[in-house]
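Just follow the structure's listing: the first ligand is 1, and inside any ligand the first atom is 1.
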Amino acid sequence: MIVLITGASSGFGEAMARSFVKNGHRVIAAARRQEKLAALASELGSGLLPLTLDVTDVDSIPSVLAALPPEWQQIDVLVNNAGLALGVTPAHQSSLADWDTMIATNNRGLVHMTHAVLPAMVARGSGLVINLGSTAGAYPYPGGNVYGATKAFVDQFTLNLRADLAGTGVRTTTLAPGLCGGTEFSQVRYKGDESAAANVYQNTTPITAQDIAETTCWIAGLPKHININYIEMMPVCQTFAGFAIHRS
Ligand code: NDP
Ligand code: 8X3
């Protein structure tokens, strides 16, 4: 299979690239940081094609994909993994620029990538789109405002794709993890505040990028008559609390 992974320069995407290549597949590893992708390419060899791509630069997406070498054109699996959270402030104190960046990356970029890749999958009668959601898309929490909303969009977009793709043989899945450590997610969210980022995982055993990679490989390796609509994953240390009630 040829697997195109966005956000492959770090975290889940990097672990997925390693796992897919180790399982004998070919990976197009897309992200903005060329040097990270180059290091991954030298580690993984000819099974990995680095692709410099900013998913928010939506006008570039069709031409960047059209310029792939002919032997890399037939994308069997698209993993829309590039994404980020910015900030944990309440909505009324949040940066509008941060909100725009989350929407541009987690939603607009994901939608444009899907739009670029889907027609060829439908024409071939086969393909799989795996979108990275989050528990934040299902369960609200303080400071989750636009990040959670972008992930709820991902959930519904994936299900609506399924409705449109009836009879085409093309499959779509949302993978929605909870607390995951060992990636750059919290460093990005806390804008380089290493101690705030580390506190998120203090005294926990979070899900790892490797756990996510193995789950993604499992979904992609299932027989073609099975569609996983949605998987929600949490570490055992994470569970639910009651509703917050403000008492005057
Ligand atoms: P990381 O920050 O480690 O990785 C994010 C990746 O996205 C990087 O490779 C980054 O690469 C890439 N990226 C960001 N913006 C763009 C862009 N504009 N264009 C292309 N690539 C971009 O985070 P994770 O691996 O933890 O997260 C991956 C996905 O999983 C995200 O969608 C996140 O929301 C989701 N998720 C994460 C959870 C967690 O707890 N970690 C839990 C649930 C979901 P570069 O900077 O080089 O472009
Ligand atoms: C990442 C999980 O709980 O930080 O999507 O929003 S959380």
Measuring from atom CG of Leu132 to atom CD1 of Ile5, what distance do you get when rounded to the nearest 0.5 angstrom? 10.0 Å

I'd like to check Val58 versus Ser60 (side-chain heavy atoms, cut-off strictly below 4.5 Å). Are they in contact? no

Between Arg26 and Asp76, does any NZ, NE, NH1 or NH2 come within less than 4.0 Å of an OD or OE carboxylate oxygen? no

Students should find this: residues with any non-hydrogen atom under 4.0 Å from ligand 2. What is the answer? Ser134, Ala136, Tyr141, Tyr147, Gly178, Phe185, Arg189

Reported CD1-to-CG distance for the pair Ile103 and Asp98, which is rounded to 0.5 angstrom: 11.0 Å

With no hydrogens and no angle check, just 3.5 Å: does a side-chain donor-acceptor pair link Ser10 and Lys36? no

State the atoms of ligand 1, each with its element, that fall below the 4.0 Å cut-off from a heavy-atom position in Gly11. 3 (O), 25 (O)

Any nitrogen or oxygen of Leu179 lying under 3.5 Å from a nitrogen or oxygen in ligand 1? Just yes or no. no

How does Lys36 reach ligand 1, by side chain, by backbone, by both or by neither, if only non-hydrogen atoms under 4.0 Å count? neither

Test side chain to side chain donor-acceptor pair (under 3.5 Å) on Thr105 and Thr56 and set out the steps. CA-CA 5 Å; Thr105 312; Thr56 68; 5.6 Å; no

Heavy-atom nearest neighbour in the protein, as seen from atom 15 (N) of ligand 1, with distance rounded to 0.1 Å: Arg32 NH2, 3.2 Å

min-distance protein heavy atom vs atom 26 (O) of ligand 1 -> Thr183 OG1, 2.7 Å

Does ligand 1 have an atom that lies less than 4.0 angstrom from a heavy atom of Gly178? yes

Any atoms of ligand 1 less than 4.0 Å from a non-hydrogen atom of Ser9? List them with their elements. 8 (C), 9 (O), 10 (C), 11 (O), 45 (P), 47 (O)

With a 4.0 Å cut-off on heavy atoms, is Lys151 in contact with ligand 1? yes

Nearest 0.5 Å, what's the CG-CG distance between Asn199 and Asp193? 8.5 Å

Give the numbers and elements of all ligand 1 atoms closer than 4.0 Å to a heavy atom of Arg33. 11 (O), 45 (P), 46 (O), 47 (O)

Mind checking whether Phe185 and Tyr190 have ring centres under 6.0 Å apart? no

Shortest protein heavy-atom distance from atom 19 (N) of ligand 1, along with the residue and atom involved: Val55 N, 2.9 Å

Run the salt bridge (Lys or Arg N to Asp or Glu O under 4.0 Å) test on Glu184 and Arg189 for me, step by step, so that the C-alpha distance in whole Å, both residues' side-chain angles and the decisive distance to 0.1 Å come before the verdict. CA-CA 9 Å; Glu184 296 179 3; Arg189 183 169 216 172; over 6 Å; no

Does His92 NE2 have over 12 foreign heavy atoms under 6.0 Å away? yes

Would you say Leu53 touches ligand 1, if touching means a heavy atom closer than 4.0 Å? yes

Tell me, which protein residue and heavy-atom name are nearest atom 12 (C) of ligand 1, and how many Å apart are they? Gly7 CA, 3.4 Å

We want to know whether Asn131 and Thr174 form a side-chain donor-acceptor pair, criterion being a heavy-atom distance below 3.5 angstrom. no

Ligand 1 to Gly133, heavy atom cutoff 4.0 Å, flagged ligand atoms 43 (C), 44 (C)

Candidates Asn106, Thr114, Thr158 - the one meeting side chain to side chain donor-acceptor pair (under 3.5 Å) with Asn80: Thr114

Determine whether the side chain, the backbone, both or neither of Asp54 has a heavy atom under 4.0 Å from any heavy atom of ligand 1. both

Supply the atom-to-atom distance Tyr201 OH to Thr183 OG1, rounded to the nearest 0.5 angstrom. 5.0 Å

Should Tyr147 be counted as touching ligand 1, given the test is an N or O pair under 3.5 Å? yes

Closest protein heavy atom (residue, atom, distance) for atom 41 (N) of ligand 1: Phe185 CB, 3.4 Å

Looking only at N/O atoms, are Ala30 and ligand 1 under 3.5 Å apart anywhere? no

the protein heavy atom lying closest to atom 36 (N) of ligand 1 turns out to be Phe12 CE1, 3.6 Å

Interatomic distance, CG@Leu222 vs CG@Leu128, rounded to 0.5 Å, equals 9.0 Å

Is there at least one pair of N or O atoms, one from Glu184 and one from ligand 1, spaced under 3.5 Å apart? yes

List the steps and the verdict of side chain to side chain donor-acceptor pair (under 3.5 Å) for Asp211 and Thr208. CA-CA 5 Å; Asp211 298 326; Thr208 66; 3.0 Å; yes

Give the residue and atom name of whichever protein heavy atom lies nearest to atom 31 (C) of ligand 1, and the separation in Å to one decimal. Asn81 O, 3.2 Å

For atom 21 (N) of ligand 1, the protein heavy atom that lies nearest, with its residue and separation: Ala82 CB, 3.5 Å

Would you indicate which of Pro235, Ser10, Ala8 comes nearest to atom 4 (O) of ligand 1 when only heavy atoms are counted? Ser10

Per-atom contacts of ligand 1 with Gly83, taking only distances under 4.0 Å to non-hydrogen atoms: 5 (C), 7 (O), 31 (C), 32 (O)

Euclidean distance, Thr172 OG1 relative to Met121 CE, rounded to 0.5 Å: 10.5 Å

Looking at ligand 1, does Pro177 have a heavy atom less than 4.0 Å from it? yes

Heavy-atom closest pair (Ala176 atom, Tyr230 atom, distance to 0.1 Å) is CB-OH, 3.5 Å

Which atom pair, heavy atoms only, marks the closest approach of Leu40 to Ala17? CD2-CB, 3.9 Å

Measuring from atom 39 (C) of ligand 1, which candidate in Ala176, Pro206, Cys180 has the nearest non-hydrogen atom? Cys180

